[in-house]
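This report concerns only the one structure given below.
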Amino acid sequence: MSEPRASAPPVLTEPVEDYLKAIYELETCFGAAATSEVANALRVAPASVTGMIRRLASQGYLDHVPYRGVQLTALGRRAALRTIRRHRILESYLTSVLGYAWDRVHDEAERLEHAASDELIDRMAAALGNPTADPHGAPIPTADGVVDERRHRTLADLAVGEHARMVRVSDKDPSLLRYLADIALQPGAEITLVHRAPFDGPITLRVAGQEPVVGPNLAAQVLVESMPRPTSASAPVARTSPATDPTPTVADTVAPAGRTRTRKSSR
């Protein structure tokens, strides 16, 4: 049984928690969060974002970055990771204990994350064996605010013949998650890139005995880590393509469609 924390953090309103979580995700991807990006992420008017950012900065949760937007202070980062921990533990509990499909848990966790106490979340985590990642592969912050922020390549970055393990995908698009499950692409799946059509054409994979074909946009949303190539004599030989140069490594968080900002370099 987990013990209550010695000093409880301040109780934040639901909108404040949403803002801090959104800014954390944008900062992780881009290094700072611009007002327009926060507005898009939360689907609110830019004028509303400006007012909230001023308020959070005055309370010590944010710092302004000239010409770039805002970044979380240490206080803001702790608050954001607390909300993220609740969200990801709730998703894990809903799938592992209550049998929810992985494409249905995001919205439920969004509603519950603001109401669940830290003690309840700690008890859920303990009942699950203190998992380190949620059903979609996202790292779960510890109760002390420690989180694995390693960066990963995407499926689109793999070269023909390269072998990898799926690590993570965003939890926000249920239809995408259902499709990935249908073609056996879930965290832990071992993948070989078999063929890449030229001119940004579709990519053929080998996963779980199947050879699904996916588009480059979908491939860019699936995070992977490289693995040694299979050594079995029966391991299939990848088909080659005239345009198969590997692409550069990208950040762990995949930017939503329509974003064109330069990614922050890996720390």
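Just so you know, residue 1 is the first one in the sequence shown, and it goes up from there.
As a member of the Ile/Leu/Val/Met/Phe/Trp/Tyr network built from side-chain separations under 4.5 Å, Val146 groups with nothing else and remains a singleton. Side-chain heavy-atom separations under 4.5 angstrom define the hydrophobic clusters, and Tyr67 shares its cluster with no other residue.
A salt bridge is absent between Glu27 and Arg77; no separation between the charged side-chain nitrogens and carboxylate oxygens falls under 4.0 Å. Using a 4.0 Å cut-off between charged nitrogen and carboxylate oxygen, Glu225 and Arg150 do not count as a salt-bridge pair. Contact check on Asp122 versus Arg85 returns a salt bridge, with a Lys/Arg side-chain nitrogen under 4.0 Å from an Asp/Glu carboxylate oxygen. The pair Lys21-Glu25 does not count as a salt bridge, with every side-chain nitrogen at least 4.0 angstrom from each carboxylate oxygen.
Side chains of His114 and Asp18: a donor on one and an acceptor on the other come within 3.5 Å.
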Notebook entry, point to check: Are Thr28 and Glu149 close enough, and set up right, to give a side chain to side chain donor-acceptor pair (under 3.5 Å), and what steps lead you there?
Noted result: CA-CA 8 Å; Thr28 301; Glu149 292 181 324; 4.7 Å; no
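Under a hydrophobic-cluster definition in which Ile, Leu, Val, Met, Phe, Trp and Tyr are linked whenever side-chain heavy atoms come within less than 4.5 Å, directly or via other members, Val105 and Val169 are assigned to different clusters.
Nearest heavy-atom pair, Arg196 versus Asp157, reported as atom, atom and distance to 0.1 Å: NH2-C, 4.3 Å.
Applying the side chain to side chain contact (heavy atoms under 4.5 Å, CB included) rule to Ser170 yields the partners Lys172; only residues at least two apart in sequence or on another chain are considered. Residues satisfying the side chain to side chain contact (heavy atoms under 4.5 Å, CB included) test with Ala57, not counting sequence neighbours, are Leu62, His64. Under the side-chain hydrogen bond (donor to acceptor under 3.5 Å, both in side chains) criterion, Asp173 pairs with Ser175, sequence neighbours left out. The side chain to side chain contact (heavy atoms under 4.5 Å, CB included) check on Pro46 picks up Ala39, with sequence neighbours excluded.
For the pair His106/His87, a side-chain contact is recorded, criterion being any heavy-atom separation below 4.5 Å from C-beta on.
His136 places a side-chain N or O within 3.5 Å of a backbone atom of Trp102 that can act as its donor or acceptor partner.
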